[in-house]
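When a residue number appears, it is its place in the shown sequence, counting from 1.
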Amino acid sequence: MTAEEIVEKDREALYIGNTRTVEFDLPLPKKGVYGSDIRWISGHDRIITPEGKVTRPKFGMGTRTIKLTAVITCGDAEAERCFDVRVLEEENWIRIAKVYPIKEKAPKGQTYYLPSVAVVVTEDGKTISHAVEWNNHGEAVYEKTGFVEEHGFISGTTVPVTAGIEVVETLEAETVNPVPIVRDCSDGRVYLIEGSPFYQAQEWFLEFLLQVNDDQMLYNFRDAAGLNKKGAPEMIGWDAPDSNLRGHTTGHYLSGLALCYRATGSPVIRGKAEYMVHALRECQTALHEKKGCHKGFLSGYGEEQFDRLEQLVRYPEIWAPYYTLHKILAGLLDCYEFAGCDEALTIAGDLGDWVYERLSKVPHAQLNRMWSLYIAGEFGGMNDAMARLYIHTAKPEHLEAAKLFNNDRLFYPMAKNVDALDGLHANQHIPQMVGCMKIFEAGGETYYRDIARFFWEAVTGAHIYTIGGTGEGEMFHEEGTVAGLLTKNTAESCASYNMLKLTKELYQYQPSALYMDYYERTVFNHIAASCEHGATGASTYFMPLAPGFHKDFEDENSCCHGTGLESHFKYIDSIYYHDADSIYVNLFIPSVLEAAGITIRQTTNSADPGHISVEVQGNKSTVLKIRVPYWCGGSYQLEIDGAAVKAPSDEAGYIQIGYDGSGSMRAEIRFACWVNLERTPDDPHTASLTYGPYVLAALTDSVNFLELPFDREGALEQLVKAEGEISLQYQEIKFVPLSSICHESYQVYFKTI
């Protein structure tokens with residue numbers, strides 16, 4: 001037989017067993033029966049690896065159909081055969097040991113909705129939130145004050161649940177005046193100084209945005225609206241014309257343009273933003289004229305996915321329609337707020353009206369079922385965007401729409417101060433907490449602030465890696481587990497992007513160095529490490545923390561590619577804050593703040609991150625508050641205009657330096673900067689190295705953990721620091737900041753001996 005005949009016969013003969021109800025590993029042959037070689041490509045290697053190992057989706061995530069492609073070769077001949085493999089989700093494995101008591105208050109004479117979940121502890125010690133089936137369907141009107149009980153059972157089990165309800169005459173939401181204590185310096189101008197890696201990343205992404213074809217970014221919207229696509233090429237990846245998420249990258253692109261203009265002042269970038277906004281208004285108008293689309297709707301497809309979500313259709317039959325809508329709405333609001341595109345607010349306002357008109361008609365219980373769906377019900381930060389919109393429009397419907405995205409599965413345990421994050425899709429839920437803070441800002445309801453604050457404390461206290469990132473395989477896992485979750489699929493970039501947003505929102509109401517310690521850790525070691533070196537626009541999806549892996553940079557319009565278009569214009573975000581009397585210096589990034597009556601110029605030493613210089617000029621007196629970072633251990637030296645000064649830090653963790661508003665003043669701070677060993681909470685012998693704010697990675701392609709004698713007294717002192725750079729050597733092993741690595745293989749975590 002010829003090579004072509006061998007390939008064709010092996011293609012026809014190829015059999016891998018049952019592909020309709022897969023529960024176990026698949027036998028994927030490497031050789032054909034006629035002698036060809038076979039290699040396999042998986043459409044989702046976290047469910048089916050190219051070797052045939054099957055990991056079933058957890059209960060609640062839904063059965064998945066994965067495309068497996070066999071590439072069959074013999075000599076120069078090659079053919080492919082594709083299989084659609086249906087992998088069944090796991091059975092409901094839950095075995096309940098404890099149900100947390102449910103005690104609530106309800107107002108007399110008004111419709112009251114019972115929580116749709118309970119917090120339970122499983123027999124293997126996991127704390128999770130789980131759906132409840134109430135005998136009264138979770139809805140009641142109580143005509144008398146007093147105490148009543150409601151009964152139900154944990155969904156999928158026979159475990160009973162009882163809720164104790166205190167019925168009171170009235171029940172008003174607790175509110176406070178939501179005026180921030182500090183604000184960012186957006187009323188002035190902040191820009192980066194050339195020479196730092198942060199500036200370089202910003203410039204790479206500026207160059208990339210200038211190359212982007214705006215008409216290509218509009219392709220799906222014009223196609224959905226029936227407008228001329230102006231010869232533009234189709235979008236790719238998650239925005240391809242056959243993708244159910246098409247349109248999301250265009251939203252990120254709008255935000256990227258707006259943030260880029262704020263950071264750089266480029267008039268060309270603003271022109272691109274104006275062009276995009278005007279074209280989207282044309283699409284919105286045209287969509288309204290099409291049968292089946294209601295006034296105000298705007299997307300890269302019709303309303304069908306929204307219809308199907310209300311029928312509780314699961315992923316991947318639909319793919320997070322409100323997530324896509326959030327990216328579009330957030331991009332429009334960013335263009336209005338940061339690039340001055342007034343038409344963007346008009347589009348956003350009409351789109352917000354569409355959201356309210358649709359969701360206000362959906363029953364409460366159905367909304368909770370929608371938002372608890374894995375991926376299909378993911379809505380990004382729709383509550384954030386609708387509350388932002390309300391702040392601009394003052395339309396009560398927009399704030400009410402924001403609250404229609406309340407999600408019991410996340411909100412209820414957070415309100416009870418219980419970490420029940422295990423098993424939740426991390427980035428599906430982090431933006432919801434950002435939205436809670438924006439709802440608090442809009443109306444002052446402390447409920448939303450308090451659950452967001454507890455969520456942040458839970459995540460940063462028990463669910464983060466040393467780089468500040470969270471989640472493995474996109475999921476939260478059991479609290480305090482780090483060493484047990486070191487894989488190639490750790491720390492999704494989107495999750496850090498949204499945790500930083502949440503940190504900013506919380507910080508403005510409680511300006512503690514603790515928030516900015518986390519912010520610095522994550523910006524320096526995850527966000528700055530996530531971009532490919534060069535104007536490619538590519539970013540990491542996951543930051544691999546298993547030994548010997550390297551970063552994979554994506555440009556296929558994934559979610560993390562989208563947030564990457566924004567993140568590298570946000571380095572200016574939290575460097576400086578202010579109140580009426582003070583300016584806070586939070587991040588040590590070379591930069592300039594130009595505000596009314598005062599200019600601050602900050603420089604740093606690239607080889608010595610503890611050496612900070614802050615020069616102040618102007619005609620306005622102020623107090624400089626400079627953060628004392630966690631990594632210095634409270635040890636620092638301060639000079640003002642060359643003279644040594646003692647300035648203890650305050651309770652919030654800041655050095656206070658007065659400036660009288662005349663001439664210039666120069667503050668030199670030398671924070672102690674040394675090598676530190678950070679151990680994982682679940683295994684003290686698994687650790688990482690840091691130097692000042694930087695997480696260090698060992699340059700190695702070994703897939704086995706390095707074993708280093710850093711448990712021994714004096715061992716860390718054997719690390720030799722290179723002159724003029726942050727690079728440390730231990731014998732033949734070189735450690736460098738993770739952010740400085742591009743394509744090289746590395747280890748962040750190692751074993752101590």
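Between Arg262 and Asp573 there is a salt bridge, since at least one side-chain N of the basic residue sits less than 4.0 Å from a carboxylate O of the acidic one. A salt bridge between Arg281 and Asp350 is present, with a side-chain N of the basic residue lying under 4.0 Å from a carboxylate O of the acidic one. Using a 4.0 Å cut-off between charged nitrogen and carboxylate oxygen, Lys272 and Glu274 do not count as a salt-bridge pair. A salt bridge does not link Glu615 with Arg601: every distance from a Lys NZ or Arg NE/NH1/NH2 to an Asp or Glu carboxylate oxygen is 4.0 Å or more. A salt bridge links Arg627 with Asp517; the closest basic N to acidic carboxylate O contact falls under 4.0 Å.
For the pair Cys494 and Thr563, the tightest heavy-atom approach, listed with the atom from each and the gap, is SG-OG1, 3.5 Å. Contact between Thr622 and Ile583 at its shortest, heavy atoms only, is OG1-N, 3.7 Å. When all heavy atoms of Tyr509 and Pro178 are compared, the pair lying nearest together is OH-O, 3.0 Å. For the pair Ile741 and Glu744, the tightest heavy-atom approach, listed with the atom from each and the gap, is CG2-OE1, 3.4 Å. Of all non-hydrogen atoms in Ser740 and His533, the two that sit nearest each other are O-CE1, 3.4 Å.
A donor atom on one side chain and an acceptor atom on the other are found under 3.5 Å apart for Gln602 and Tyr576. Between the side chains of Tyr541 and Asn489, no donor N or O sits under 3.5 Å from an acceptor N or O. For Thr249 and Asp239, the side-chain atoms include at least one donor-acceptor pair closer than 3.5 Å. Tyr301 and Asp223 form no side-chain donor-acceptor contact under 3.5 Å, judged by distance and modelled atom types alone. In this structure, a donor-acceptor pair under 3.5 Å is present between the side chains of Glu594 and Tyr191. Residues Glu474 and His425 have side chains that bring a donor and an acceptor to within less than 3.5 angstrom of each other. With 3.5 Å as the limit, one finds a donor-acceptor pair spanning the side chains of His398 and Thr393. Looking at Glu566 and Tyr497, their side chains do bring a donor and an acceptor atom within 3.5 Å of each other. His743 and Glu532 form a side-chain donor-acceptor contact under 3.5 Å, judged by distance and modelled atom types alone. No side-chain donor-acceptor contact under 3.5 Å links Ser530 and Ser493.
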Legend entry - Intermediate values then yes/no, side chain to side chain donor-acceptor pair (under 3.5 Å), His278 and Glu343: CA-CA 7 Å; His278 186 69; Glu343 192 174 22; 3.2 Å; yes

Legend entry - Intermediate values then yes/no, salt bridge (Lys or Arg N to Asp or Glu O under 4.0 Å), Lys395 and Asp353: CA-CA 9 Å; Lys395 291 184 71 170; Asp353 292 344; 2.9 Å; yes

Legend entry - Candidate pair Thr690 and Trp631, rule side chain to side chain donor-acceptor pair (under 3.5 Å), full reasoning: CA-CA 9 Å; Thr690 62; Trp631 42 264; over 6 Å; no

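Taking the six-membered ring for Trp, Trp204 and His568 have ring centres at least 6.0 Å apart. Aromatic ring centroids of Phe297 and Phe306 lie under 6.0 Å apart. Residues Phe338 and Tyr261 keep their aromatic ring centres 6.0 Å or farther apart. Taking the six-membered ring for Trp, Tyr199 and Tyr571 have ring centres at least 6.0 Å apart. Note: Phe379 and Tyr322 fail the aromatic proximity criterion, with ring centroids not under 6.0 Å apart.
The closest side-chain heavy-atom distance from Leu192 to Pro590 is not below 4.5 Å. Residues Ile626 and Ile657 are in side-chain contact: their nearest non-hydrogen atoms beyond the backbone lie under 4.5 Å apart. Within the 4.5 Å cutoff, the side chain of Arg521 has heavy atoms near those of the Tyr630 side chain. Side-chain contact between Gln617 and Ile598 is absent, with no heavy atoms from C-beta onward closer than 4.5 Å. Side chains of Asn586 and Lys625 form no contact here, defined as non-hydrogen atoms less than 4.5 Å apart. Side-chain contact between Asp184 and Ser574: absent, with no pair of heavy atoms (C-beta onward) separated by less than 4.5 Å. A heavy-atom distance below 4.5 Å is found between the side chains of Leu332 and Leu254. The shortest side-chain heavy-atom distance between Tyr584 and His578 does not fall under the 4.5 Å cut-off.
In this structure, the separation between CD on Glu492 and OG1 on Thr470 is 10.0 Å, given to the nearest 0.5 Å. The line from OG of Ser739 to CD1 of Ile726 is 8.0 Å long, rounded to the nearest 0.5 Å. Separating the CG atom in Asn383 from the CZ atom in Phe405 is a distance of 7.5 Å, to the nearest 0.5 Å. Here the CH2-NE2 distance, from Trp319 to His248, works out to 7.0 Å after rounding to the nearest 0.5 Å. With rounding to the nearest 0.5 Å, the separation of NZ in Lys229 from CG in Asp215 is 12.0 Å. Asn427 CG to Cys560 SG: the interatomic distance, rounded to the nearest 0.5 Å, is 7.0 Å.
Not counting sequence neighbours, Lys295 has no partner by the salt bridge (charged side-chain N to carboxylate O under 4.0 Å, His left out) test. Among residues two or more places apart in sequence or in another chain, the side-chain contact (heavy atoms from CB on, under 4.5 Å) test is passed with Ser496 by Thr522, His526, Ile527.
Tyr515 and Tyr507 have perpendicular rings, their planes meeting at more than 60° on a 0 to 90° scale where under 30° would count as parallel.
A cation-pi geometry, defined here as NZ or CZ lying under 6.0 Å from the six-membered ring centre and within 45° of its normal, does not hold between Lys551 and Phe553.
When the options Glu441, Glu337, Glu505 are evaluated for a salt bridge (Lys or Arg N to Asp or Glu O under 4.0 Å) with Arg388, the one that passes is Glu337.
Residue Glu194 qualifies as open at atom CD: its count of foreign heavy atoms under 6.0 Å is 12 or below.
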